[in-house]
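Note that this is a predicted model, so its numbers are computed, not measured.
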Amino acid sequence: MSMAYRNGTLPKGALKVDRPLSMNSSTKSSASFKSKTVGHTPVTGPRRKSTGSVGNSAANTKDSTSVSGRVRVAVRLRPRNAEEMVSDADFADCVELQPELKRLKLRRNNWDSDTYEFDEVLTEFASQKRVYEVVAKPVVESVLDGYNGTVMAYGQTGTGKTYTLGRLGEEDTADRGIMVRAMEDILSEITPEKDSISVSYFQLYMESIQDLLDPVNDNISIVEDPKTGDVSLPGATTVDIRDQKSFLELLRVGEAHRFAANTKLNTESSRSHAMLMVHVERSVKGRDSVILSENGSTSHTAKAFKPPVVRKSKLVVVDLAGSERIDKSGSEAHTLEEAKSINLSLSALGKCINALAENSAHVPVRDSKLTRLLRDSFGGTARTSLVITIGPSPRHRGETASTIMFGQRAMKVENMLKIKEEFDYKSLSRRLEMQLDKQIAEHERQQKGFKDDIERIAQEAQVRITEAEKGYAEALERERLQYQNDYMDAIRKLEEQWAANKQKHENEKAKSSVLSASMEVAELKKLFEKETISRKAAEEEIDNIKNQLAQWKRSEAAGNSEILKLRKMLEDEKCQKAKLEEEIAVLQSQLLQLSFEADETRRNLDRGETEKLPGTLDSPIPPFMHQHLGDSGVGEKASMAKLFEQVGLQKILSLLESEDADVQIHAVKVVANLAAEEANQERIVKAGGLKSLLTLLRSSNDETIHRVAAGAIANLAMNETNQELIMSQGGISLLSVTAAKAEDPQTLRMVAGAIANLCGNEKLQPKLRGEGGVKALQGMVRSRHPDVLAQVARGIANFAKCESRAYTQGSKTGKSLLIEDGTLPWIVQNANNEASPIRRHIELALCHLAQHEVNAKDMIKGGALWELVRISRDCSRDDIRTLAYRTLTSSPSFQAELKRLRIDYG
């Protein structure tokens, strides 16, 4: 007998109906299980977990991630096929469905019937999409959350199990089965860079496990973990999946290798149980682990490098071979042996289900390989969903009744769902190795650059010394030759003059008197003395040149000493290199120690002895008070009060004008701490403290003074009267300039806090925006420090709240100033920030902006609508979640956009 589902088409009279799944279907059962009306024992409520369950019986207590979950069962009715329409034309269907009541009536005869209730009742008109959303989608969502999951089809041969699970939908995409649709949802949710998916596909044929992706591998062994009882198939082929196309190709390969036969009940009757096993590994966001050293303290390396947490889950889709009666199927020879094997394995599964339903002390898990493979699905740790398929023909009423009773017993089975998390030490090890290689390469690059600089400096010094020596030698030689020539010229002139004078003397000897001769001699003496003085001057000049030469030689010696110093520095660098190599060796030993700790932790996890590691708590935002004084306790507060009384406020404020920077810093710290108390704020303002702080903020270039002065102004800005004074004295302009210049996150936090307090005054909003307050908040996001971002988010929330109040009072009608200034993209980007203070303020700002219809168009265009929907569903604070929901439901623009996107939100 052929079946319409198997060849991919529905009967011509069948109608496809897509019904949306309830929002609660992924977390709890859609209907409670009640007793039957006729001839059967009522089903009891919650029961204790059996000690002999098919799942892991070693776990007798729940851990923090354990969740109780009953096996969910849905029934699907196959429409009549062509043969049944002819042979059973004069007979009514043996079943009557009541899907709105989730009931099914099985007729005994024309006047009597039995009534059964299931989690879902799917008529012959139910679409494949409807079946997936009801049966498999909650399980797939649990798998993505880190739980194991099982989807299984059970029923008589020819009732549509393979059509329900394994249909590829090549001719009509609406016919896609659970396997294809489940992989589509998984691929849409994971991140390929961080997460991974792998698939195994095998069949249980004649009690032999055969690989459908590698037919040669036809005898795979089952391996059980002796400690945890987990079942695995290490011999099965595992293929990594990156896209839907490759997955469909694997399904085609596996389907081609599956055993099927032609029987009287089905032309393509499956002769084996097929199992698709999907392994999902996902990185857990926002979870940091801490590695403890042997003495229990956190090591430096452990603080710097934290292994990421990975969740490992498994989805098993089981297409059971159909149960059959030999006299009806007409099986014979080898087909008869296949039918016996199928019925035996299904019988073993039924015994296990009965034992679990009756809380039996013994569950015969090892009677069949099928029950061993499914031990985690029934009574174990997986979320299990079962779809039982039945036919309408009264000729097969017995098989239909047996299938229904199997589903009824399965609904009594309770599973304990658990999340499996592990530390990803392999990625941590790779990251450490990359850091080590980077440090070594950087050190080698610096060492080579230093050597090149030393050689270049030495060469330049040598060239300069050589040029100086050559220049001074040439200059000395030129001076010596010049003085020598001058000396010879002077001697020659003196000799010529002496000869002339001698000739003249001889000619005039007779005529000249003794007096003239004496005068001539005296004049010659004077000339000789002048020449002598000139010669001494030349000798002194030569001595000076010799001194300069000696000085250049000393400079050369100093250059040589500088070269020696550089060589010594090179030796010091070599010593430093040796120390760095020792540190590298220490890092390598720490890496080995981390690997050892990873193995120890893994072994402890296997023994079930892993202790919960302490998490990192978010540090509360400190008050706008100087840390040194803020942490001193009650004693220092008393000292501050005593100092305030003894010295006086005027004296403390006068110190702000001191020329000593240290005195100014201490004075502004005292004023900041006094301003933290509301009782002192009025006195500080009256005494001119606010004006002094603004003057100090304008005139000083010290980062510490900027930080503490901004904190004091932030404290004063908590008072509405002080806010107006700050604005009137140009405080917002000074704070904006300080924000633009500052780089220290704590200074930016103080400035952002002061502006955030001013944003809470609706009277000052136009002036605040005009003097650059909003632009200053936008500019401070460059810091990316969470404390700074929290204050920026608080300021934006205060600004949006005041605008919302102005809209309500009718004093404002135009678009939000925040949207006009381009703040919306940053708000949307940080609406789901991991830091709760930032996220809370941003969510509140979005809700206030969305309350007024004039902003709706820009918010829809900027992607804020999706964040409002998320806030209305997932926000941890009830008031914000309620405000977001009320805003969405009251805005015509938002409602129109949600309707256009076909999102039911009313």
Side-chain angles (χ1 to χ4, degrees), residues 624 672 675-676 678 681-682 684-686 688-698 706 709-740 742 747-781 788 790-824 826-827 841-842 844-849 851-852 854-855:
F624 295 111
E678 186 176 357
Q681 293 180 0
E682 183 178 358
I684 292 173
V685 173
K686 287 183 178 180
L690 175 59
K691 183 176 181 181
S692 299
L693 289 171
L694 293 174
T695 302
L696 194 61
L697 198 63
R698 181 187 298 108
H706 285 174
I713 294 172
N715 289 335
L716 294 176
M718 291 188 292
N719 184 282
E720 184 175 355
T721 303
N722 295 340
Q723 292 174 356
E724 297 177 356
L725 290 174
I726 292 171
M727 294 293 294
S728 65
Q729 296 181 19
I732 190 63
S733 299
L734 289 175
L735 291 172
S736 300
V737 172
T738 304
T747 303
L748 292 174
R749 180 175 71 90
M750 297 298 181
V751 175
I755 297 177
N757 289 339
L758 295 174
C759 287
N761 192 329
E762 59 184 291
K763 300 176 183 178
L764 306 178
Q765 283 199 336
K767 190 174 183 181
L768 179 70
R769 183 207 184 196
E771 295 185 6
V774 177
K775 291 294 184 182
L777 284 176
Q778 293 175 348
M780 282 184 281
V781 302
V788 178
Q791 294 300 324
V792 172
R794 184 171 69 88
I796 292 174
N798 288 343
F799 199 97
K801 183 177 180 180
C802 289
E803 282 194 329
S804 177
R805 192 182 298 117
Y807 280 120
T808 303
Q809 295 173 356
S811 59
K812 182 174 177 62
T813 58
K815 189 188 300 182
S816 169
L817 299 179
L818 291 173
I819 295 178
E820 290 183 355
D821 287 346
T823 311
L824 184 60
W826 184 85
I827 294 175
H841 291 309
I842 292 298
L844 191 59
L846 272 176
C847 292
H848 285 306
L849 289 174
Q851 281 187 305
H852 307 286
V854 69
N855 299 327

Could you list the donor-acceptor pairs under 3.5 angstrom formed by side chains in residues 766-781, with sequence neighbours left out?
unit_1, atom_1, unit_2, atom_2, d
Lys767, NZ, Met727, O, 3.4
Arg769, NE, Asp821, OD1, 3.3
Arg769, NE, Asp821, OD2, 3.1
Arg769, NH2, Glu820, OE1, 3.4
Arg769, NH2, Asp821, OD1, 2.9
Glu771, OE1, Ser733, OG, 3.4
Gln778, NE2, Asp821, O, 3.0
Gln778, NE2, Thr823, OG1, 2.4

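Taking CD1 of Ile796 as the reference point, atom CG of Leu846 lies at 10.0 Å (rounded to 0.5 Å). To the nearest 0.5 Å, atom CG of residue Leu844 and atom CG of residue Asn798 are 8.5 Å apart. Taking NE2 of His706 as the reference point, atom OG1 of Thr747 lies at 8.5 Å (rounded to 0.5 Å). Of the inter-residue distances, the one linking Ile713 atom CD1 with Leu690 atom CG reads 6.5 Å to the nearest 0.5 angstrom. Atoms CD1 and CG, on Ile726 and Leu694 in that order, are 7.0 Å from each other to the nearest 0.5 Å. Atom-to-atom distance recorded for Leu697:CG and Leu735:CG is 6.0 Å, nearest 0.5 angstrom.
Under the 3.5 Å distance criterion, the side-chain polar atoms of Gln723 are matched with a main-chain donor or acceptor of Ala717. Under the 3.5 Å distance criterion, the side-chain polar atoms of Thr695 are matched with a main-chain donor or acceptor of Lys691. In this structure, Asn855 contributes its side chain and Leu849 its backbone to a donor-acceptor pair below 3.5 Å. With hydrogens and angles ignored, the 3.5 Å screen pairs a side-chain donor or acceptor of Glu803 with a backbone N or O of Leu817. Within the 3.5 Å criterion, the main-chain N or O of Gly814 finds a donor-acceptor partner in the side chain of Tyr807. Checking side-chain atoms of Arg794 against main-chain N and O of Gly753 turns up a donor-acceptor pair under 3.5 Å.
With a 4.5 Å cut-off on side-chain heavy atoms, Leu764 and Ile732 do not count as touching.
With sequence neighbours excluded, the residues satisfying salt bridge (charged side-chain N to carboxylate O under 4.0 Å, His left out) with Arg805 are Glu762. In this structure, Thr738 has no side-chain hydrogen bond (donor to acceptor under 3.5 Å, both in side chains) partners at least two apart in sequence or on a different chain.
For the residue pair Cys802 and Cys759, the shortest heavy atom distance occurs at SG-O, 3.5 Å. Contact record, Ala797 with Ala845: CA-CB, 3.8 Å, taken as the closest heavy-atom pair. In terms of heavy atoms, Leu748 sits closest to Ala739 at CD2-O, 3.6 Å.
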